[in-house]
Every structure is written in structure tokens, then in C-alpha cells.
Amino acid sequence: MGQQAFCTARWAGRSSEGKLLLESDALVFRGEFRLAVPYREMKRVTTRDGWLTIEYAAGEASFELGPLADKWAHRILHPKSLIDKLDIKPVAAALVIDIPDEEFWQQLRAEKPQVTVTSVDTIARALAGPAAPARIPSVPQDAPFDMVLFRAETREELAHLPHLRRCVKPNGAVWVVTPRGKPEVRDVEVIAAARDAGLVDVKVVRFSGTHTALKLVVPVKQR
């Protein structure tokens, strides 16, 4: 979700000013005390007089958000699906490279059955030299895809980004899906490789319990 607000929090008889973050899988507070409440543990979410109150397995926490309280409660109770977070439009043409996540495929088929998908799952894992990007099989250099979803498990695979940029429309997007919390390929490395490929990062979402997705686009002035 990626929203944040400065507010007063009350929890376990304590009160503190701090930052409240509306993350994709939890509500996180950072102040004199720290608190993270996963959505799956919430039993009740209510608002009153500008306060957002969360009842969960370990107790209750309240946050003074003023006019934002009702909006945040709605976002918590009605979270966006992964498909919506990825900005996949109903009639999009998508190239999906090496994404075996079954939950992603089930959601895509259920929510956006009109999407035209070209799926490639044989990308080479052993790269050898500057010609490596050409190893993505059966993908035309100038295909008019609205978006590309590409799983990169190593930093060497980021060498494919210049090729993938040529696979999307000028206003399209390349989503790079990488392991969460592992040193194999970090966000800073994806962002640097994207910049070298003429792309900029504009959004990050939780793709799954093990992977994060970073959205890359062509800068507006270059479209």
C-alpha cells in the first residue's frame, strides 16, 4: 500500500508520537515504541472521532489519524489484490518471464481473464558474456507489450533489462521480481541496472512471501 502518516499512537497503556505506515501486509508504527500488526492477525478495525483502532491477537492499538482514519480503515479491510497492485489492465498484453508463482497465475486468470499473456519460462540461468540478453527465447525485439514481468534471481540477470525495455510500449512497464531480504540481488542493484537501461523505478509491491516486485518505466520526457 505504501502510505504513511505522522500521528499519536496508544498501545498497552503507552502513548507516543511517531510514523504510521500502511504496508502491503501489516500496519507498522515507529515512535517511542514500535509496533507491527499483520493484517491476518486483526480481529476488528474501527474508527471514531478520527481515531483508528485495531483489535488483534495481542491486544489493541489506536492511532489518531483525523480525516484519514476512515480511509485507512477501508484500505485495511478491502486490500488491493496483487493483480491490482501490479497495475494490470483488463485488456493488457503482458510478457511474463519465469514466474512460476501459482497464486499469481490463479489471481490473474480469475480477475483479468481478458489479458493476453505470452509466457516464457526457459530463460538461461548461466549467463556468458555481453550477448547474454539475446538468450531470452522467442521474444521479438520490438514487441508491443503493455508490460513485462521478469523474475531475476541473480544480479547478472539484470543484464536483460535493455532488451526488455525494447519489448514494451513507450508508456509500458517492466516489473522485476526479486527475492526478499536476500543479498543475491538487492533493490539498489535493480535501480542502478534500470538507470543504465534508460528506465526509472516508480513503485514497489510485495509480490509474495518470498519475492518483491519493482516497477520500472521509461522516463516521461523520453516517451
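Fair warning: this is a prediction, and the values are worked out from it, not measured in the lab.
- Residue V168 comes nearest to A173 through the heavy atom pair CG1-O, 3.7 Å, listed as atom of the first residue, atom of the second, then distance.
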What verdict does the side chain to side chain contact (heavy atoms under 4.5 Å, CB included) test give for E189 and E184, after you've listed the backbone C-alpha separation in whole Å, the side-chain angles of each residue and the deciding distance to 0.1 Å? CA-CA 10 Å; E189 293 163 338; E184 286 84 354; over 6 Å; no
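- The same ILVMFWY cluster, assembled from side-chain heavy atoms under 4.5 Å apart, contains both F33 and L65.
- Between R223 and V217, some side-chain heavy-atom pair lies under the 4.5 Å cut-off.
- Within the 4.5 Å cutoff, side-chain heavy atoms of T8 are placed close to those of W51.
- Between F207 and F104, the two ring planes are tilted [angle within 30° to 60°].
- Of all non-hydrogen atoms in F150 and H160, the two that sit nearest each other are CZ-CD2, 3.7 Å.
- Within the 4.5 Å cutoff, the side chain of L164 has no heavy atoms near those of the V176 side chain.
- Note that the OG1 atom of T46 and the CD atom of E55 stand 6.0 Å from one another [nearest 0.5 Å].
- Atom-to-atom distance recorded for I54:CD1 and L27:CG is 5.5 Å, nearest 0.5 angstrom.
- Checking S81 against E111 by side-chain atom types alone, a donor-acceptor pair falls below 3.5 Å.
- Residues V190 and D201 form no side-chain contact, since every pair of their non-hydrogen atoms from C-beta on lies 4.5 Å or further apart.
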Show the numbers, then the answer: is there a side chain to side chain contact (heavy atoms under 4.5 Å, CB included) between R206 and R180? CA-CA 9 Å; R206 179 182 184 274; R180 298 180 65 189; 3.0 Å; yes
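- Checking side-chain atoms of R165 against main-chain N and O of G198 turns up a donor-acceptor pair under 3.5 Å.
- Clustering ILVMFWY residues whenever any of their side-chain heavy atoms sit less than 4.5 angstrom apart, transitively, puts F63 in the very cluster that holds V45.
- Within 6.0 Å of the CZ atom in R186, the count of heavy atoms belonging to other residues, nucleotides or ligands does not exceed 12.
- Annotation: the span from K80 atom NZ to L82 atom CG amounts to 12.0 Å, rounded to 0.5 Å.
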Would I191 and R195 satisfy side chain to side chain contact (heavy atoms under 4.5 Å, CB included), going step by step from the backbone distance to the final call? CA-CA 6 Å; I191 293 170; R195 184 170 57 249; 4.2 Å; yes
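- Contact between L20 and C7 at its shortest, heavy atoms only, is CB-SG, 3.8 Å.
- Taking CZ from R166 and CZ from F145, the interatomic distance works out to 14.0 Å, rounded to the nearest 0.5 Å.
- Hydrophobic clustering (side-chain heavy atoms under 4.5 Å, transitive across Ile, Leu, Val, Met, Phe, Trp, Tyr) keeps L158 apart from V200.
- Evaluated for a side chain to side chain contact (heavy atoms under 4.5 Å, CB included) with F29, the options V37, L35, L21 yield exactly one hit, L35.
- Remark: the backbone N or O of I99 is paired with a side-chain donor or acceptor of W105 at under 3.5 angstrom.
- Under the 4.5 Å side-chain heavy-atom criterion for Ile, Leu, Val, Met, Phe, Trp and Tyr, V28 and V205 are members of distinct hydrophobic clusters.
- The CH2 atom of W11 sits 12.5 Å away from the CZ atom of R34 when rounded to the nearest 0.5 Å.
- Ion pairing between a basic and an acidic side chain is recognised when a charged N comes within 4.0 Å of a carboxylate O; R151 and D101 show no such pairing.
- Salt-bridge formation is detected for the pair K112/D84: a Lys NZ or Arg NE/NH1/NH2 atom is positioned less than 4.0 Å from an Asp or Glu carboxylate oxygen.
- For the atom pair CG of L86 and CG of L108, the computed distance is 9.0 Å after rounding to the nearest 0.5 Å.
- By the 4.0 Å N-to-carboxylate-O rule, K89 lies too far from D146 to be salt-bridged with it.
- Checking side-chain atoms of Q222 against main-chain N and O of P219 turns up no donor-acceptor pair under 3.5 Å.
- Here the closest non-hydrogen pair linking V185 and A152 is CG1-O, 3.5 Å.
- The two atoms that bring K43 and A57 nearest to each other are CE-CA, 4.0 Å, heavy atoms only.
- Using a cut-off of 4.0 Å between Lys/Arg side-chain N and Asp/Glu carboxylate O, K85 and E23 are scored as not salt-bridged.
- Of all the heavy atoms in P170 and V218, the pair that sits closest is O-CB, 3.7 Å.
- A heavy-atom distance below 4.5 Å is found between the side chains of K203 and D87.
- No more than 12 heavy atoms of other residues, nucleotides or ligands shown are found within 6.0 angstrom of CD on E103.
- Side-chain atoms of Y56 never come within 3.5 Å of backbone atoms of P38 as a donor-acceptor pair (strictly under, hydrogens ignored).
- Cluster annotation: V91 is not connected to I88 through the hydrophobic network of ILVMFWY side chains, with a link wherever side-chain heavy atoms come within less than 4.5 Å.
- With 3.5 Å as the limit, one finds a donor-acceptor pair spanning the side chains of T53 and S62.
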